[in-house]
Amino acid sequence: MNSENARSVTLDQENTVEELTNPFRALDEEGAGTNPCAIVIFGASGDLTHRKLIPAIFALKQERLLGNNHPVIGYARRDKSDDQFRSEMSETLSEFGRFNQSDAEVRERFASELRYVRGAYDKIEDFRKLKKLLDDIALRYQTGGNVLFYLSTPPGAFGPILENLKKSGLADESGSCWRRVIVEKPIGRDRNSARELNKKIHDTFTERRVFRIDHYLGKETVQNILAFRFGNGIFEPLWSNHYIDHVQITVAESIGLGGRAGYFDTAGITRDMLQSHILQLLTLIAMEPPAAFRGEAIRDEKVKVLRSIQPYSRSDAIRNTVRAQYRAGIVDGQEVAAYVNEEGVSDNSKTETFVSLKLEIDNWRWSGVPFYIRTGKRLSRRVSQVDIVYKKPPLALFEQFGSAAPEQNVIGFRIQPDEGISLSFVSKRPGQAMKLDPVRMDFQYRTSFGGTAPEAYERLILDAINGEASLFARQDEVDLSWKLIDPLIESWSGENAAPLYYYSAGTWGPEESQALLARSGRKWRRI
Ligand code: BG6
């Protein structure tokens with residue numbers, strides 16, 4: 001098809017009215033065009049609210065993507081006045097987020113509009129109090145009664161909050177107003193508990209009104225995987241088992257637990273990172289082109305990828321996964337303690353802080369192409385990267401001139417830091433000999449676009465307000481991801497359980513992770 005024939009894909013008839021709101025357009029006046037609504041954050045004393053949510057909302061206001069008719073209410077158990085909450089949030093803003101250098105006066109003006117409700121998550125009277133406040137706010141800020149609830153509490157509180165939102169009538173949509181909910185991870189700790197939670201969510205909100213957040217999907221570089229694949233003509237024809245040898249996904253962190261031992265020690269890296277962020281990355285890399293760039297069309301394709309991965313039997317899970325835990329070591333020049341010596345971790349904890357595995361997608365595009373994944377805490381450095389490793393050329397034409405064996409071309413998505421995309425290939429070294437050396441073509445966000453990209457939470461909060469769900473996980477996606485994860489975790493206990501390996505903090509994980517690839521003559525790429 002030549003460019004004159006390229007059709008623009010518009011929305012299909014079945015898109016819901018909410019999906020027709022286009023969140024990608026620029027707004028010309030303060031917050032105009034973004035649905036007015038109140039934003040209620042449950043868990044307002046928590047770390048996520050301080051580090052991410054309030055800075056993201058502030059940034060949206062600074063960018064004029066949210067305006068005066070987007071009041072914010074924090075709800076939490078701690079006793080605190082509006083003023084205390086405001087001054088805490090004002091301090092938070094000077095520390096975190098893109099606009100932390102903004103004028104103190106501007107930050108204080110934003111904070112002065114915040115409200116705080118002290119309430120329990122399981123007391124209906126407290127929700128009635130919140131309802132009364134929201135009724136007043138609807139009139140004062142002309143929100144039309146729209147409310148976005150953000151569940152940013154420990155998961156144990158999700159159930160009571162949802163129940164009380166229902167009982168108090170806070171979840172009811174009357175007239176033309178809407179009520180939506182953003183749910184933070186973890187969505188369950190296995191398939192059954194995720195199903196139970198989804199049932200509770202659906203008792204109060206229909207799926208259309210539920211936004212399960214995975215902040216990786218809000219990252220510019222992650223969204224750019226789709227732009228790269230489906231906005232260009234040259235890559236997609238090369239995106240299959242005809243040309244690709246294998247795919248490597250690395251999500252490495254140098255940090256340890258960051259004070260979250262209570263959660264992490266019962267979860268482990270597999271639940272924390274693999275079930276959510278990494279499977280999301282994998283589906284974006286592997287999905288078929290969607291019928292339109294819209295919520296349901298994109299999510300349908302992602303679900304098809306998950307359906308094409310066969311859950312492992314116990315023996316296959318043991319064979320294809322490596323789990324490990326860090327011992328003491330040196331990270332960024334600093335000595336760090338072993339995982340079991342971290343505060344809040346039990347001495348004999350067997351929780352995995354590293355996992356690597358091989359997955360296969362049994363469909364026409366990917367059959368025979370292994371996807372190797374590794375993720376861990378206290379690794380050598382913080383880097384998230386996806387490498388598409390191509391097959392070698394069929395003939396080693398240049399070996400006769402003393403060149404090394406043919407290289408594999410690689411398309412590398414650098415998700416973070418140093419965001420960009422690179423293509424490695426070989427090139428003739430200048431001189432009389434026909435000698436080839438590997439070189440790299442590189443695109444860097446920083447140099448091509450300048451400025452700072454929006455934070456993931458900015459994009460996701462804005463999308464939820466506009467009813468655009470493409471970048472949120474649907475119920476079936478979550479369900480299928482647990483279907484794949486459960487057998488891995490189960491293979492780590494009971495008789496003949498897969499061993500727990502160890503690695504020194506500051507390395508790239510245990511040797512066994514290299515061995516996983518070495519079995520087929522492959523190796524992890526040096527990062
Ligand atoms: C969170 C995990 O979802 O993602 C954390 O719970 C992890 O353990 C974090 O550190 C990583 O996010 P990012 O954006 O820093 O890569």
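Bear in mind the structure is a predicted one, so any value in this text is a computation, not a measurement. Counting starts at 1 for both ligands and their atoms, following the listed order.
Under the side-chain contact (heavy atoms from CB on, under 4.5 Å) rule, S152 has a single partner from I182, L48, D47, I213, which is L48.
With rounding to the nearest 0.5 angstrom, the CG atom of N35 is 10.5 Å from the CG atom of L148. Atom CG in L357 sits 10.0 Å away from atom OG1 in T375 (nearest 0.5 Å).
Ring-plane geometry between F443 and F449 is classed as perpendicular, the angle between the planes exceeding 60 degrees on a 0 to 90 degree scale with a lower cut at 30.
Taking the ring axis of Y216 as reference, the NZ or CZ atom of K219 stays within 45° of it and closer than 6.0 Å to the ring centre.
Distances below 4.0 Å separate heavy atoms of K377 from the following atoms of ligand 1: 5 (C), 7 (C), 8 (O), 10 (O). Counting the atoms of ligand 1 from 1 in the order shown, those under 4.0 Å from a heavy atom of H215 are 1 (C), 3 (O), 4 (O), 12 (O), 13 (P), 14 (O). Distances below 4.0 Å separate heavy atoms of Q416 from the following atoms of ligand 1: 13 (P), 16 (O). Under a 4.0 Å criterion applied to the non-hydrogen atoms of D272, ligand 1 contributes the atoms 2 (C), 5 (C), 6 (O), 8 (O). Numbered from 1 in the order shown, with element, the atoms of ligand 1 that lie under 4.0 Å from a heavy atom of K185 read 1 (C), 2 (C), 3 (O), 6 (O).
Annotation: K219 places an N or O atom under 3.5 Å from an N or O atom of ligand 1; distance criterion only.
For atom 15 (O) of ligand 1, the nearest non-hydrogen atom from the set H277, R382, E455 belongs to R382.
If you check which protein heavy atom lies closest to atom 9 (C) of ligand 1, you get E253 OE2, 4.0 Å. Of the protein's non-hydrogen atoms, the one nearest atom 5 (C) of ligand 1 is R260 NH2, 3.0 Å.
The two residues D203 and K166 have their closest heavy-atom pair at O-NZ, 3.2 Å.
For the residue pair R525 / Q385, no side-chain donor-acceptor distance below 3.5 Å is found, with atom types taken as modelled.
If you look at Y216 next to ligand 1, the close heavy atoms, those under 4.0 Å, all belong to the side chain.
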